Every structure is written in structure tokens, then in C-alpha cells.
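First the structure, in the form of C-alpha cells, and then the observations on it.
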Amino acid sequence: MEDTGTGTTEEARPDPVLLKQPAEGTPDVVETPRALRETSDALAAGHGPIAVDTERASGYRYSQRAYLVQVRREGAGTVLVDPVALDDRIDPLIEALSDTEWVLHAASQDLPCLAELGLKPAKLFDTELAGRLAGYERVALGTLVELLLGYRLEKGHGAADWSRRPLPQDWLDYAALDVELLIQLRDVLEQDLRDQGKLAWALEEFEALRTAAPAPPRAEPWRRTSGIHRVRSARGLAAVRALWEARDTIARQRDIAPGRVLPDASIVQAATVLPTDEQALLELPVFKGRAQRRIVDVWARALRTAAKLPKSELPDPSPPHEGPPPANRWGDRDPAAAARLAAARAQLTAIAEANTLPVENLLQPDLVRRTCWRPPEDLSPDSVAQALRAGGAREWQIGLTADAFSQALKDAEQ
């Protein structure tokens, strides 16, 4: 029998109840200013936290905008808002959701596109993060709802093209279900965290997530092309860059996901073969297709540009790496740093296990590596705490780890 972490065994739990539609039915989508005002007034008159979710079209569109916003509050029910139909003018909803705790699942995925609409929480509760801190091994929304509330959500449309209009009814049912039980799940997880003495930790994490600055743009985003490791030459990398940039321009102009314009695998293949003219390019598998033949001149032009670059303008095959090198190279490059990392990881793993936490939530792995690669000079707990704080660690994390981390660094030096 599997222990679920809540004192109930897998064998003892009854079969979950399958939910295909919300208990009160799926509401009509809000598409007009009048409907938005009415539903926003109802939300403002409700009580308690507000469950929030969004649906995007990441695999279909270039933008990461929200194509549907789902909101639910006790006393008001569920509201489905189409920001596209409203031309993103949703001031009544912004006003209704202000100064209220929001409940989201995996909030980091939704907060950026909500912020684009002017929607920003004054207080946050993330049920996925709460589940991790509470010690649950699987924290998908459906898994936690089934485990803690006894319901199974009808799933299957998360990766759909939510830019499609009109939205099918079964998609709307799915979207409404995503906020149907979010408040109840929040309440159960909050009590679980309180019982474990972890609620203060969670509140600190939620606030850090709510106030986190947007990630800065990557200096060379083309280097994240899947399979680029197979391109060995600087000239080949120049071809990857040129094709990636040409694709990105088309994708942005057409609002199409870049991979639908030209797959990464095709970029890498072209950069490996380096065809010298359009005919040679058309011999490659993907480029034989009708869609690619129509714009083959774009790809050929990009390849010609890369081929003509002087050596001084070619990308560096081994660009400088920000921060420490990959940990698997430490043994050769800096054995002392490798020893520090091994000792620190052992200590942190023990602390995480003692507190029923994922070790990556105890301290960010990148922060652990950076601290071990360039540790404080005196290795004292205060100095380690200062280094962790400067790296973005929260106070609860520092309180749990600074002494042990300091001792691990000292032990590795002996």
C-alpha cells in the first residue's frame, strides 16, 4: 500500500469522482464590455481568494499572450473572459481582482501573460509550489485534486490552439474545470503546510515568486536551437544563427510558433550540410515541402549571408560561460571545487529529506554550484548566509542550510 503523505493509503482511498463539467455548468464566455462589467461586479462582491488560470497557444503562436482567462470566487462562481474579443481592455476585471489573494497552479507559467493584460496579484498562493513544499512527489493539478479532494478532472486540451475562435464547448468545460476546485485545494494545502510547520516558508516563497523581476532576454537565444551541439564549425554556427534570425522574423510577423515556420532539426541539418544554392537546399527533406519552397529564397539568403561573413564576425564555437562550468567537468578543472560541491550536496540532501522537501526547493541548484565554485573567503556560517542571500535565497532557506553548508565547505577544505 502506498502512503500518500496525508495519512491515507492508496488501498483505502475510494475511487475518484470524474468531473467532466463544472457543478454549476460552464458559463458563457465574456466577450463584450457590458458582460465584463457585470461579471467583474459579481467577482468584486464575492468573498475569499480568487482562483485564476489562463490558456495560451504556445505551440501555435509566436506570442505567449493569454487567449482565455478563467476566474472563480466564492459567491460569484466561474467567469471565462476572452481578452482578444475585448481588445485587451479589461479594466473592470483588473479592478475586481485587485487587493485580493490569487490562487494559481504553477503561477510562473501564467503571471507573465496576466501582467501583459495589466493583471497583477497583491497576494499569491501557488498550489503547485505548496504541494512541493508539503512533500508531495507529484504536483500536477489533476494529481493533487485527485489525491487531496477525491475528484478526477477531465483533461486533454492544455496543449490546444487556444487562439482558435469560436472555442469548442469541451475546451471551455476543460478551462472552467481548471479553476473549479482550486480554492478547495488551496485550503487543504494551507492546512497541510501549517500542520508541518511550513506555512511561513510557503508564504515567503509565494511572495518571492509574486515580486520576481522578469527574466532578462538571452544574449544569444539562437544558441538554444535543439541539436545545435551537432554543429561543430564556426561557419556552421553562423548558418544556425542566420536561419534562426530569419525564422524568428517570419514567426513574429505572422504570429506563428517558430517551430511551425521551420523546425530546429531542419536548421541544424542545413547548417551541417551548408548547401551552396537554392537547388541544393531544396534537396534536404523539410525544404522539399511546398511551404518551404515558397520561401526558399529567405533561407538561401540567410545561408549566403552566413557564408560571406569574415572570420572576425563568426560566432565563437566555445563562447564564455557565465558562472561556473558544468559540474561534471569540475573534477578536472578544479578538484577542490568538486569536493566542496559533493560535500554540500550531501548535507543539503540530508536536510531536504529530514524536512520532506525536494532538494531543489531547499536551495536552487545553480546557487549551490555558484557558492561552491567561488565560496566566501572565511567559510563562516554568517559569510555563507550572506552569499546565499545575495544569490536570492529566502530567509527560511538560509536558516535551514547556512550552518550545514558552511561546515560542508570547511570539511571539503581539510
Side-chain angles (χ1 to χ4, degrees), residues 54-67 84 88 109 112-113 116 157-165 214-322 325-326:
T54 69
E55 303 298 344
R56 300 178 300 279
S58 303
Y60 298 87
R61 297 292 181 176
Y62 184 88
S63 73
Q64 294 299 308
R65 66 157 297 151
Y67 284 93
V84 179
D88 292 345
Q109 298 178 21
C113 66
E116 287 182 4
H157 302 297
D161 180 7
W162 287 89
S163 66
R164 172 181 170 183
R165 293 295 184 273
R218 294 182 178 276
E220 296 183 306
W222 60 271
R223 288 189 183 271
R224 292 180 62 81
T225 303
S226 179
I228 195 174
H229 62 279
R230 295 197 293 273
V231 181
R232 306 291 186 182
S233 69
R235 189 68 63 183
L237 290 173
V240 171
R241 180 176 63 189
L243 289 169
W244 188 97
E245 290 174 348
R247 180 186 70 174
D248 192 66
T249 298
I250 294 173
R252 184 185 295 107
Q253 290 173 346
R254 299 181 181 178
D255 193 16
I256 302 173
R260 289 180 174 268
V261 175
L262 184 67
D264 279 9
S266 299
I267 290 179
V268 169
Q269 185 179 39
T272 303
V273 176
L274 293 177
T276 56
D277 55 38
E278 289 186 9
Q279 187 56 46
L281 182 60
L282 289 171
E283 292 300 316
L284 300 180
V286 168
F287 295 93
K288 292 179 180 179
R290 182 170 54 186
Q292 298 304 334
R293 287 201 306 270
R294 285 200 297 265
I295 55 173
V296 67
D297 61 311
V298 174
W299 312 129
R301 190 183 313 120
L303 289 170
R304 285 195 300 270
T305 299
K308 293 177 181 178
L309 286 176
K311 288 186 178 180
S312 61
E313 296 181 18
L314 295 178
D316 187 346
S318 301
H321 184 76
E322 183 183 351

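This is a predicted model, so every value here is computed, not measured.
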Go through the structure and list residues passing salt bridge (Lys or Arg N to Asp or Glu O under 4.0 Å) with R304, not counting sequence neighbours.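 Testing R304 for salt bridge (Lys or Arg N to Asp or Glu O under 4.0 Å), a comparison that skips the adjacent residues, returns none.
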Salt bridge (Lys or Arg N to Asp or Glu O under 4.0 Å) with D161: which residues, sequence neighbours excluded?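 Salt bridge (Lys or Arg N to Asp or Glu O under 4.0 Å) list for D161, sorted by chain: empty.
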From [X] [atom1] over to [Y] [atom2], what is the distance, rounded to the nearest 0.5 angstrom?
X    : Y    : atom1 : atom2 : value
E220 : T225 : CD    : OG1   : 11.0 Å
D255 : I250 : CG    : CD1   : 14.0 Å
T305 : L243 : OG1   : CG    : 10.0 Å
S58  : R56  : OG    : CZ    : 5.0 Å

Any idea which heavy atoms bring [X] and [Y] closest together, and the distance?
X    : Y    : result
V268 : S226 : CG2-O, 3.4 Å
G236 : A271 : O-CB, 3.4 Å
A306 : L314 : O-CD2, 4.5 Å
A302 : A246 : CB-CB, 4.3 Å

Give the intermediate values and the outcome of side-chain contact (heavy atoms from CB on, under 4.5 Å) for residues R241 and L309. CA-CA 12 Å; R241 180 176 63 189; L309 286 176; 3.4 Å; yes
Taking the side chain as every heavy atom from C-beta outward, state whether [X] and [Y] have any atom pair closer than 4.5 Å.
X    : Y    : value
L237 : W222 : yes
L281 : Q292 : no
R164 : Y60  : no
L284 : S266 : no
R223 : P315 : yes
E283 : V273 : no
D88  : R65  : yes
R252 : Y62  : yes

With sequence neighbours left out, write down each residue that passes ring pair (Phe, Tyr, Trp, His ring centres under 6.0 Å) with W244, or none if nothing qualifies. none
According to salt bridge (charged side-chain N to carboxylate O under 4.0 Å, His left out), does anything in residues 258-277 pair up with another residue at least two apart or in another chain? List the pairs.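 Sorted result for residues 258-277: R247-D264.
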Scan for salt bridge (charged side-chain N to carboxylate O under 4.0 Å, His left out) pairs involving residues 289-303, sequence neighbours excluded, and state none if there are none.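 Found D297-R301.
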Take D316 and S318 through the side-chain contact (heavy atoms from CB on, under 4.5 Å) test and state the conclusion after the steps. CA-CA 5 Å; D316 187 346; S318 301; 4.1 Å; yes
Is it true that a side-chain atom of W162 and a backbone atom of H157 form a donor plus acceptor pair closer than 3.5 Å? yes
Run the side chain to side chain contact (heavy atoms under 4.5 Å, CB included) test against L274 and tell me which residues pass, sequence neighbours left out. R235, A239
Under the side-chain contact (heavy atoms from CB on, under 4.5 Å) rule, what do V286 and Q269 come out as? Steps first, then yes or no, please. CA-CA 10 Å; V286 168; Q269 185 179 39; 5.9 Å; no
